[in-house]
Engineer: 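Take a look at the following structure, please.
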Amino acid sequence: MDERIVIVDSDTGLRLTEEQLDERSAVAIVQLRRRGVRAGDTVLICLPVGPDLLVAADAVIAVGGVAWPVPPELDPYALQERIEASRARVLISDLPHALEAAEESRVRIVMSAADLSMYPNSRELSTESDRIQLLDGGG
């Protein structure tokens, strides 16, 4: 049986199959729910086109959220405007300029693409996002 390729990363050549997308999305869904993302929540996604963007968008949609992609190549002013216009509390990005642009917005939970792929022990704080959420009173 042939594995269907759903995306190929143009930078690395990494191929993601349907089965891998399903597996990665399932873990990402758990991570989004752990951070309180619920149906109707807007989640900003500022990642380059590739497997991580696909997994993030798939997971946000699966939890009933609204995936709001933000092009990572926007200049800082335009990026900040888009983030503020979204009124989102959650941002998925690995890009320092996106994190900086979100500082003065409603964003309270920041996740990286790596955060979406981790399946931590439920008793431990596994990421900086978990620590920030805890310090902010859970969201």
Side-chain angles (χ1 to χ4, degrees):
M1 180 176 204
D2 290 331
E3 291 185 345
R4 289 188 36 184
I5 305 295
V6 293
I7 192 167
V8 177
D9 188 316
S10 60
D11 290 335
T12 65
L14 174 71
R15 295 169 184 252
L16 191 67
T17 66
E18 281 183 346
E19 183 178 351
Q20 291 167 325
L21 174 61
D22 290 345
E23 289 170 1
R24 287 183 60 187
S25 294
V27 173
I29 290 165
V30 171
Q31 292 296 6
L32 290 169
R33 287 184 175 150
R34 283 185 72 235
R35 286 168 178 82
V37 177
R38 301 288 180 254
D41 289 349
T42 299
V43 178
L44 293 161
I45 305 171
C46 187
L47 295 169
V49 173
D52 291 334
L53 175 62
L54 181 59
V55 169
D58 191 52
V60 169
I61 292 166
V63 298
V66 177
W68 185 309
V70 180
E73 64 276 358
L74 288 177
D75 67 75
Y77 179 75
L79 188 58
Q80 186 173 11
E81 279 188 331
R82 295 256 182 113
I83 289 170
E84 289 175 6
S86 75
R87 302 192 44 81
R89 290 183 322 106
V90 181
L91 168 67
I92 301 170
S93 184
D94 296 321
L95 307 170
H97 65 282
L99 304 178
E100 187 176 311
E103 285 181 2
E104 299 298 321
S105 71
R106 293 185 67 214
V107 170
R108 295 295 172 260
I109 301 168
V110 177
M111 299 175 69
S112 71
D115 290 339
L116 292 178
S117 64
M118 300 171 92
Y119 198 83
N121 179 328
S122 62
R123 294 185 198 155
E124 64 187 37
L125 297 177
S126 61
T127 65
E128 188 62 24
S129 301
D130 289 335
R131 291 177 193 81
I132 290 169
Q133 186 177 2
L134 182 64
L135 291 173
D136 283 348

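All of these numbers come straight from a predicted model, not from anything done at the bench. For this chain, numbers begin at 1 and follow the sequence in order.
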Engineer: Show the nearest heavy-atom pair for residues Q20 and R15, with the distance to one decimal.
Structural biologist: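 Closest approach of Q20 to R15: OE1-O, 3.4 Å.
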Engineer: Identify the two heavy atoms, one from T17 and one from E3, that lie closest to each other, and give their separation to 0.1 Å.
Structural biologist: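 It is CG2-OE1, 3.3 Å.
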Engineer: Taking atom CZ of R34 and atom CE of M111, what is their separation to the nearest 0.5 Å?
Structural biologist: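 Between R34 CZ and M111 CE, I get 8.5 Å after rounding to 0.5 Å.
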Engineer: Can you give me the closest heavy-atom contact between P48 and L53, atom names plus distance?
Structural biologist: O-CB, 3.5 Å
Engineer: Rounded at 0.5 Å granularity, tell me how far OG in S93 sits from CD1 in I45.
Structural biologist: 10.5 Å
Engineer: According to side chain to side chain donor-acceptor pair (under 3.5 Å), who are the partners of E84, at least two apart in sequence or on a separate chain?
Structural biologist: Q80
Engineer: Could you state whether L74 and L95 fall into the same hydrophobic cluster, counting links through intermediate Ile, Leu, Val, Met, Phe, Trp or Tyr residues with side-chain heavy atoms under 4.5 angstrom apart?
Structural biologist: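 As far as the 4.5 Å side-chain criterion goes, L95 and L74 are not connected within one cluster.
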Engineer: Short question: side chain of D94, backbone of A113 - any donor-acceptor pair under 3.5 Å?
Structural biologist: yes
Engineer: Going by side chain to side chain contact (heavy atoms under 4.5 Å, CB included), name the residues that satisfy it together with S10, two or more places apart in sequence or in a different chain.
Structural biologist: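 So S10 forms no side chain to side chain contact (heavy atoms under 4.5 Å, CB included) with any residue.
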Engineer: List the residues meeting side chain to side chain contact (heavy atoms under 4.5 Å, CB included) with P76, not counting sequence neighbours, and say none if there are none.
Structural biologist: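 Side chain to side chain contact (heavy atoms under 4.5 Å, CB included) check on P76 returns nothing, list empty.
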Engineer: Which pairs of donor and acceptor atoms, one on a side chain in residues 58-72, lie under 3.5 Å apart (sequence neighbours left out)?
Structural biologist:
{"from": "D58", "atom 1": "OD2", "to": "S25", "atom 2": "OG", "distance (Å)": "2.6"}

Engineer: In chain order, what residues pass the side chain to side chain contact (heavy atoms under 4.5 Å, CB included) check against R38, with sequence neighbours excluded?
Structural biologist: R33, D41
Engineer: For Y77, which fellow cluster members are found when Ile, Leu, Val, Met, Phe, Trp and Tyr are connected by side-chain heavy-atom distances below 4.5 angstrom, either directly or through intermediates?
Structural biologist: none
Engineer: Please list, chain by chain and in numerical order, all residues satisfying side chain to side chain contact (heavy atoms under 4.5 Å, CB included) with A102, sequence neighbours excluded.
Structural biologist: I83, L91, S105, V107
Engineer: Strictly distance-based, threshold 3.5 Å: is any side-chain N or O of R106 a donor or acceptor partner for the main-chain N or O of R87?
Structural biologist: yes
Engineer: Identify, with sequence neighbours excluded, every residue that meets salt bridge (charged side-chain N to carboxylate O under 4.0 Å, His left out) alongside R24.
Structural biologist: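 Once residues adjacent in sequence are excluded, the partners of R24 under the salt bridge (charged side-chain N to carboxylate O under 4.0 Å, His left out) criterion are D52.
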Engineer: Please indicate whether E81 has more than 12 foreign heavy atoms, meaning atoms of other residues, nucleotides or ligands, lying under 6.0 Å from its CD.
Structural biologist: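 Enclosed: over 12 neighbouring heavy atoms sit under 6.0 Å from CD of E81.
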Engineer: Tell me, which pairs form a salt bridge (Lys or Arg N to Asp or Glu O under 4.0 Å) where one or both residues lie in residues 65-78, sequence neighbours left out?
Structural biologist: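 For residues 65-78: none.
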Engineer: Might you point out which heavy atoms bring L79 and C46 nearest each other, and give the distance in Å?
Structural biologist: CD1-SG, 4.1 Å
Engineer: Once salt bridge (charged side-chain N to carboxylate O under 4.0 Å, His left out) is applied, do any residues pair with E100, and if so which ones, sequence neighbours excluded?
Structural biologist: none
Engineer: Could you list all the salt bridge (Lys or Arg N to Asp or Glu O under 4.0 Å) pairs where at least one residue sits in residues 60-70, not counting sequence neighbours?
Structural biologist: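 Of all non-adjacent pairs touching residues 60-70, none passes salt bridge (Lys or Arg N to Asp or Glu O under 4.0 Å).
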Engineer: Do V8 and L47 sit in the same hydrophobic cluster, where Ile, Leu, Val, Met, Phe, Trp and Tyr count as joined when their side-chain heavy atoms come under 4.5 Å apart?
Structural biologist: no
Engineer: Could you work out the complete set of other residues in the hydrophobic cluster of L54, with links drawn between I, L, V, M, F, W and Y side chains under 4.5 Å apart?
Structural biologist: V6, I7, L16, L21, V55
